[in-house]
Structure formats: structure tokens, C-alpha cells
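Following: one structure in C-alpha cells, then a few remarks.
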4 protein chains.
Amino acid sequence: MPIAEKPMRADAIRNRAKIVDAAYEQIASHGVDVGMDEIATAAGVAVGTLYRHFPTKTDLVAAIVEHYVDAAATDAEASLARVQTGGSRAADELVEYIRRVGDSSADHVAVKSTARSLGVEPHPDTSAAARVEAALAGLVVQGQADGDIRPEITVDDLFLLMTTAPVNQAVEVRERWLQLVLPGITTH
Amino acid sequence: MPIAEKPMRADAIRNRAKIVDAAYEQIASHGVDVGMDEIATAAGVAVGTLYRHFPTKTDLVAAIVEHYVDAAATDAEASLARVQTGGSRAADELVEYIRRVGDSSADHVAVKSTARSLGVEPHPDTSAAARVEAALAGLVVQGQADGDIRPEITVDDLFLLMTTAPVNQAVEVRERWLQLVLPGITTH
Amino acid sequence: MPIAEKPMRADAIRNRAKIVDAAYEQIASHGVDVGMDEIATAAGVAVGTLYRHFPTKTDLVAAIVEHYVDAAATDAEASLARVQTGGSRAADELVEYIRRVGDSSADHVAVKSTARSLGVEPHPDTSAAARVEAALAGLVVQGQADGDIRPEITVDDLFLLMTTAPVNQAVEVRERWLQLVLPGITTH
Amino acid sequence: MPIAEKPMRADAIRNRAKIVDAAYEQIASHGVDVGMDEIATAAGVAVGTLYRHFPTKTDLVAAIVEHYVDAAATDAEASLARVQTGGSRAADELVEYIRRVGDSSADHVAVKSTARSLGVEPHPDTSAAARVEAALAGLVVQGQADGDIRPEITVDDLFLLMTTAPVNQAVEVRERWLQLVLPGITTH
DNA sequence: GATGAATGAGTGTTCATTCAT
DNA sequence: TATGAATGAACACTCATTCAT
């Protein structure tokens, strides 16, 4: 039963979003070591405001990761939906999904390493993470029912592979990695 | 025409070794951002000494990486030797080698990311790196001749996988990763 | 079109002044090599504050020099004013001015050499420097019209002498130097 | 009555000379802040050797200054000799001497400021300084007897002017300075 | 609530000097 | 005695965080 939180003021919400976006952008393009001032400037607010929303740099990064996971969750759910409506095959969606996750991280080099370097848990117990898990589970089960995915594969296996994907490398490298890794997942 | 380098003094050699060891240890356990002072203290020398041996933090990290690659090279050559003397099967040695590399890095969390974060080339054109490459090439060729390794596999593929191995995870996780990845390399 | 600069906060202005004063004092009495920390302490602020106002030691010294030149400009203009209102003779004012500049620098040994050693231009194209030049030019012209100043003397000549004055010596020495140098400027 | 000092070994003397030369060169061209290591390297010895000869950087600089004063002394004595043999007029020699001192320092920018910045007395009580003084005294007296030099001028006056000469400026500037300063010394 | 000035511990690095070889 | 490796205090500068306005 959630504690009733006073709703944020409209401009505070707007600021929060601006900050997360700017921080994402800055950290992605200049690495974890961008200063808080730089992030604040990029977000068009003062440092103080930034600290009002995120008491710690770590908190800010955690928010970014959550943001990122959230997008991934929405993506995964869309994949599952396409399968469930008969629009496509589960295994194909799974492969495409892994590829897309790698691609999107690739544009934003440092986010993952950032998260780790600041001790942010890779899989925070967010609802977003849970949503990814649920959607992928759906795809795996269906893929196995189709006989396309190896029966012993679990969602954790997929997480393991995705968290070790060579995100900050050229497309060809990422594609080659996918080809190397696929036989361990699929049945053919 | 050999370059006439004056041999280092005995104590200087000892210090250099102490420094590399301590730096390895410190960076591995506390991340790249350990201070040079901390490293020096851990090595039992003064900062100045550290800087006499490595004019820059980057130089120090490069030396550590080289040290690490060197060990990996010796290991790979031993594997190849065992195969060439008929002592064991190339594919088996390859798998074991990958596992060992993961194990050894595992104790020392951050070294690889460290190297990258400081702009140290992952594969500096060291003789050590060349040695690893040569030995692994030998294993791959033999494994393919044996029909154990997929014909399209190259040494670069192995590097790709090894550099994305989940080094900083528990044994079981690393083992699971190996099982997921193996089908992409071997023929069975 | 005036550049819209947000006015500094009152306390920031106060701090800036405190810093310039303290830096002047410290550098003057202990030489250029006083640490920034020492200057900060003397100013009663933390180093960070010092760096917020002057991003570089060189910037700080430049500010000090400007401060100093500014005072000299005001002084020179006062001299010229006295002459123009008929209150005194141009040549006398000139001599007194040179003496005063020597005196004021004398308390603060190293400022000039400091400026030079940090690569700060001796005559930055500040309005202050221009003001000194204009006022001295006025005095020189009038002194020549009076027949007191040698006709070939220029403002640059005065600068040359003033920048070579023995600022860090005892009064008597400085006075003797003035007597040695005067015949080259005046007609008697 | 000097204490009998054990004569230096031949190679020690050679080293001392090499060091002073190298130090002169280095400090002149790179400023006071050249490291002792750099000086030692330039002199072809190890730092330890340098420190055996000069226990302190200040001592080394003092030695350089003495070296410089020594050359100036020889020069001054030659001037005096030319006057005494009737070869030239004292006042002319004096002016030329001042010009030469400025010139020679000019090649070696930082030496004087160096000396001062390290707290080396400008007129160490060396025999060399005494020789300069004696020779200049001879020139002054003769110049005054000739009616060319103002009667109130002393050797100290000359020192005062020479130590304030704009040594590190272009020839034209130095020449202009000389013209400005001459009327204070001569009778015409 | 937002601002941005102030804080101060910490960083990598230098260099005069000492001392074991 | 000469060597050059070791020392360590000092330096200019940074940046996450706090707090007066």
C-alpha cells in the first residue's frame, strides 16, 4: 500500500524531466565524469535545483538507468504484443530485441559502465525491470513452444548476454557478436 | 644493433615490481580512481618513486595491462604446446583457456575497464598481444582441422567474446555464460 | 548594445575584493610563489572560491596588476588636473608622480616581476593603462611647453624609467636613483 | 689570512666548471625554474655530483652570479687599463662599459632576476665585486678629473643604474635607456 | 522552490634534496 | 667520489556537495 505522496508541482516535474534528459545526454557523450555543474547547465537549471531532485550523483545516474530500462520495457512489451497478435514469431522478435538494445546503448556509450562504476545495481528492483522480465519471459516461453528457442534458456540467460554485449563498438562488431551468441539460444 | 640500455639497479627493479603489483591490486579492488598516493603507499614507496617509474597514471595502467596480457600470452602458448605434443585436444584447450582468462580477471574486477577508461589501447601492439594471437591462431586452426571448431571462427571472434566475458561475476554466472557462448564456437 | 551581464551578488563582490587585496599583500611580501591556498586563507575564503573568481593563478595576478595600474591611473589623472587648474607646474607633478609610483610599489616588492614571470603583459590594453598614458602625455606636453621637460621626451621614455625604477630598495636609494635620472628628463 | 684548503682534485675542478657553465646556460635560457636534474644532465653529471659542489640551489646561483661578476671585473679592468695607457677617455670607457654590461646580460635574460628571486645578494662581498668596484672607481675619478663626469657621482651610483638597466629588452630600448640616463652622469 | 556562490577534501604531478649503491 | 633512485612536502586545480540569498 503506497504512502500518499504530495503530488509534484508542474514545473518541478518539468525540471525533473529536463534534468534526466540532459544528464543522459551529457553522460552518454562525455562519460561519467561530467561535472554536476555541466549537467545542470545543460538542463538549464542551477546545481541547487539539480540537487533538490537528486540528492546525490548516484541517485541521478540511477534515475537515468531507470529511464533507460523503462524504454527497454516498453520495447519488450511491444515485441510480445506483436507475437501474441500473431504478427511475428517469438524467436525472431527476441533476436531483434537483443539487437535493438545493443543498438540503443551503442549510441550512448558510457551509460552502462557509468551505472556500474557508481555502484548502481544493474537490475534495480524497479517495476520497469519487472516489466522487461515479464515480456521477455513471454517471448521465451512462446519461442520454446515453437521449438525455436533451446528449452534450457531462461530470461536470466538473456540478461546475462545483453549485459555483456559489446555496446560501444562498431555495428559490424556488434552484429558479429550476435551471430556468435545466437547458436547458444536458438535450436538451429 | 642492440640499443645499449644501462641495466636497472637491483633495488629499482624490485621497486618497479612492487609498484606494478600494488597498482594491480589497488586498481582491481578499488577501481581506476584510486589515488596515486594510495598506490604508492600500498607499494611501500613514496609517490615520487612511483612517478620515476611511470611518468603518468596512464603509463602505470598501461604497464599493468601489459603485465596481464603477458601472463595470458604465456598461458596461451602453454596450451598450444600441450596440443602440439599431442597431450590434448585443441578445442578443449581453447575452452579451458577462455575459462581461465575469465577466472583470472575475475579476481581483479576493474582492470579492463580501467584500461579503456584511461584510453589505453585494449590490444596495444605489444609482442605479448602478438604472442596471444599467434598461440590462439594455432589452437583455432588445429581445432578446425579436428572438426571441433566451426570453420568460420577467427581469433578476433575469440577476442570479442573474451573481452565481453562477465569477469566480475560469480563463478556460476561465468560458467553459465561459457555454456551459452560455446555453441557459437564449436561444431556440436 | 550593452552586454547584459547579471550583476554580481553583494557577497561575491565583497569576496572578490578581499581576494584581490589578500593576493596583492601575499604576493608582494612572499613573492609570486605563494600557494593559492595561502592566498585563499589570507583572504578568509576557501580555495574553491578563489578559483571561482579567478580560474587561473595567472588570471589572479593579472587582476592584481590591473588593480595596481588602476590606482596609478587615478593618481596620474589627479596630477594632470592639478596642473590644468593652474595649481602646480607640470614638471613638478611629473617628478612627484614618478616618486609616488616608486614608493607605492616599494611596499609590495614582487608585484611587477610577478606579473612578468607569469607572462602577464606589462601594459595590457586596459583602459587603465590607456588612462595613465593619456594623463602622462598631458603632463609631458605641458612641461615641454613650460620649457621644463626636454623636447625629445616621450611617455614611453617615462614608462621605461618607471619600469626600471629600483622599487624594492630603501627610500634613500630610490631618491638617489631619481636624482640620477632626472637630468635626462628635465632641461635644467 | 685564508685557511689553507685542501686543493681540489683536477676532475672535481673540471666538474665544477662544467656545472657552472651548464647552469648558467640553462637558467639563462629557460628561467630560474629549471630543475636541478636538468642542469645536472646538461652538465653531464648526476644530481648527486651537482649537490656535492653546491649544497643548495641558491649556492649554485650565487656561483653563477660570481662567475658573471668575474667577467664584468675583467672587462672593467681592461677599460681602466686602456684609459691609464692613454688609449681612451675615461668617460667614454665608462659609457661603453655600461652598455656592454647591459648587452651581455641581455643575452641571458633571467640571471639577474634569478639571483634576486633566490635571495642572493646583488653585491656579494666577493673579490670579483671588489675588482669591479676598484676599476670603476679609477674610471670615475679620471672622468671627473677630465671634467666629463659630474663631481658628485660615485661608484655606487653606477651600480644603482646598472642593476636597474632594462637588460631583457630589445637593443633600441636599452640604447634609449642609456641616453636617458647619461645626462645624470656626465657634465654635458 | 530556485539560484549560484562557497566549501574543502582530494587529484595528479613536480622538484629540491637525501642517501643507498 | 660519483651515481641516480628515493623521498615527500608542496603546488595548481577540480568537483560533489552545502547553504545563504
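Not measured: the values here are computed from a predicted model. Because only heavy atoms are used, hydrogens play no part in the values below, and waters and symmetry mates are left out as well, while side chains stay in.
For the pair Asn15(D) CG and dG4(F) P, the interatomic distance rounds to 13 Å; values are reported in whole Å. Note: CD1 (Ile19(C)) to P (dC13(F)) measures 14 Å, nearest angstrom. Here the P atom of nucleotide dC15(F) and the CG atom of Leu50(A) are 15 Å apart, to the nearest Å. For Arg16(A) and dA2(E), the CZ to P distance is 13 Å, given to the nearest whole Å.
The side chain of Thr49(B) approaches dT7(F) more closely than any other nucleotide in the set dG1(E), dT7(F), dA6(E).
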For DNA chain F, produce a single dot-bracket line, 5' to 3'. Pairs: Watson-Crick or G-U wobble, both distances under 3.5 Å. Symbols: ( ) within strand, [ ] crossing, | other strand, . unpaired. .||||||||||||||||||||

Per-nucleotide protein contact string for nucleotides 10-21 of chain E, where B marks a base within reach and S marks sugar-phosphate only (heavy atoms under 4.0 Å, - for neither): --SBB-SBB---

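Across Gly44(D) and Lys18(D), no two heavy atoms sit closer than the pair O-NZ, 4.4 Å. Minimum interatomic distance between Gln26(A) and Ala42(A) (heavy atoms only, all atoms of both residues): NE2-CB, 3.5 Å. Taking each heavy atom of Met36(D) and Leu50(D) in turn, the nearest pair found is CE-CD2, 3.3 Å. Nearest heavy atom pair, residue Val32(B) against residue Lys57(B), reads O-NZ, 2.9 Å. In plain terms, the two heavy atoms of Asp59(B) and Pro55(B) that are nearest each other are OD2-CD, 3.3 Å. In plain terms, the two heavy atoms of Ala43(B) and Ile19(B) that are nearest each other are CB-CA, 3.9 Å.
No side-chain heavy atom of Leu60(C) sits under 4.5 Å from any side-chain heavy atom of His53(C).
Under the salt bridge (charged side-chain N to carboxylate O under 4.0 Å, His left out) criterion, Asp70(A) pairs with Arg131(A), sequence neighbours left out.
Between dT1(F) and His53(D), no contact under 4.0 Å exists linking OP1 or OP2 to a side-chain N or O.
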